[in-house]
Amino acid sequence: MKKLFISAVYLVGFNILMAQNDINNFAEQVSSEQSNIDNKGQTISPPTVVINKFNTNFPNINVNWQRDGDLYAAHYHDEGTKMERCMVYDKDGNIVRSDNEVNDLSYPKPIGDYYAKTYPAENYKVVMSNDKEGKKLYYINRKSTVIWFDKDGNHINSNSSKNKKATK
């Protein structure tokens, strides 16, 4: 009788442990899916070729996907630099653009001067954007506006963020 009681307790404990694992796995799956939902509530599922290309170039990276038309943007946090990164792919897995947050020493001084003069009380992060032809631009996301700068740090224009392709 004692062995039967111990076996029953063990079995109940084992089932509780397995149920907890199932709950944890489900929570991770939901969390992962939620991080890949667009602003319309649609789950983003990049083509396999896009996912494979990203995983080949950036193995073991936790990524959040965004989509804009035929473009897929893989947003991730670079653990080495502690900065945000984004790789933008076309539907065939070709890199269209890379966006990388940069530190104060990595972008042209006129960008900081412009922002400090125009928005003196605001903090900002500068992002360097390189397209597939090697053209370099910089931008700052400010509320619903994207402020663009050329490669030398000269202000180009500001666009509504909804006009910006697959980046955040």
Side-chain angles (χ1 to χ4, degrees), residues 28 30-168:
E28 287 176 12
V30 168
S31 173
S32 172
E33 288 175 0
Q34 287 176 344
S35 66
N36 293 318
I37 294 177
D38 67 14
N39 58 5
K40 296 177 185 170
Q42 301 292 320
T43 300
I44 298 170
S45 299
T48 303
V49 66
V50 173
I51 293 170
N52 289 343
K53 182 77 169 213
F54 179 82
N55 289 337
T56 298
N57 293 327
F58 305 96
N60 304 316
I61 297 289
N62 190 9
V63 63
N64 293 319
W65 290 98
Q66 284 187 320
R67 180 177 179 187
D68 186 14
D70 286 339
L71 298 180
Y72 296 88
H75 294 271
Y76 64 98
H77 183 79
D78 184 329
E79 291 300 323
T81 63
K82 305 294 184 205
M83 295 188 178
E84 299 301 315
R85 306 281 185 233
C86 178
M87 298 299 296
V88 181
Y89 298 90
D90 66 16
K91 63 183 169 72
D92 298 318
N94 300 307
I95 295 174
V96 174
R97 186 179 72 246
S98 66
D99 293 350
N100 302 302
E101 180 184 344
V102 292
N103 65 32
D104 294 345
L105 303 174
S106 301
Y107 59 83
K109 186 177 179 324
I111 294 173
D113 294 344
Y114 171 88
Y115 207 85
K117 180 180 177 186
T118 310
Y119 309 104
E122 292 183 11
N123 293 325
Y124 60 94
K125 292 182 182 180
V126 176
V127 178
M128 179 177 59
S129 183
N130 292 298
D131 68 14
K132 62 184 175 184
E133 283 84 32
K135 182 178 177 183
K136 182 190 301 186
L137 295 174
Y138 295 90
Y139 66 87
I140 297 172
N141 282 320
R142 181 179 181 272
K143 300 177 184 174
S144 63
T145 303
V146 179
I147 302 169
W148 288 94
F149 303 88
D150 67 15
K151 66 180 177 59
D152 298 317
N154 300 308
H155 178 248
I156 300 172
N157 66 10
S158 300
N159 296 325
S160 164
S161 61
K162 65 184 175 186
N163 294 332
K164 188 157 183 271
K165 297 285 185 190
T167 57
K168 200 187 234 181

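Ring planes of Y89 and F54: perpendicular class, angle over 60° (limits at 30 and 60°). Ring orientation note: the planes of Y72 and W65 are nearly perpendicular, at an angle over 60° on the 30°/60° scale.
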Tabulate below the donor-acceptor pairs under 3.5 Å that side-chain atoms of residues 123-130 make, not counting sequence neighbours, or state none.
residue: Y124; atom: OH; partner: Y107; partner atom: OH; Å: 3.2
residue: S129; atom: OG; partner: R97; partner atom: NE; Å: 3.4
residue: S129; atom: OG; partner: D99; partner atom: OD1; Å: 2.7

Q | Evaluation steps, side chain to side chain contact (heavy atoms under 4.5 Å, CB included), between N154 and Y114 | A | CA-CA 8 Å; N154 300 308; Y114 171 88; over 6 Å; no
Q. Would K117 and D113 satisfy salt bridge (Lys or Arg N to Asp or Glu O under 4.0 Å), going step by step from the backbone distance to the final call?
A. CA-CA 6 Å; K117 180 180 177 186; D113 294 344; over 6 Å; no
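At a threshold of 4.5 Å between non-hydrogen side-chain atoms, the residues I61 and P59 do not count as touching. The side-chain heavy atoms of M87 and F58, taken from C-beta on, include a pair separated by under 4.5 Å. Contact of the Y115 side chain with the I147 side chain is registered, since non-hydrogen atoms from C-beta on lie closer than 4.5 Å.
The shortest heavy-atom contact between P108 and K151 is CG-O, 3.5 Å. Across all non-hydrogen atoms, the minimal contact from K53 to G93 is CG-O, 3.3 Å.
With rounding to the nearest 0.5 Å, the separation of OG1 in T145 from CD1 in I140 is 12.0 Å. Atoms CE and OH, from M83 and Y76 in turn, are 13.0 Å apart once rounded to the nearest 0.5 Å. Rounding to the nearest 0.5 Å places CG of N57 at 5.5 Å from CD1 of I95. With rounding to the nearest 0.5 Å, the separation of CG in D152 from OH in Y138 is 9.0 Å. Distance CG/N103 to OG1/T81: 9.0 Å, rounded to 0.5 Å. Distance check, rounded to the nearest 0.5 Å: CG of D104 to NZ of K109 gives 11.5 Å.
Without hydrogens or angle criteria, S106 side chain to V102 main chain gives no donor-acceptor distance under 3.5 Å. The backbone N or O of G153 sits less than 3.5 Å from a side-chain atom of D150, completing a donor-acceptor pair. D131 contributes a side-chain N or O that, together with a main-chain N or O of E133, makes up a donor-acceptor pair within less than 3.5 Å.
Residue pairs meeting the salt bridge (Lys or Arg N to Asp or Glu O under 4.0 Å) criterion with at least one member in residues 82-91, sequence neighbours excluded: D78-R85, E79-K82.
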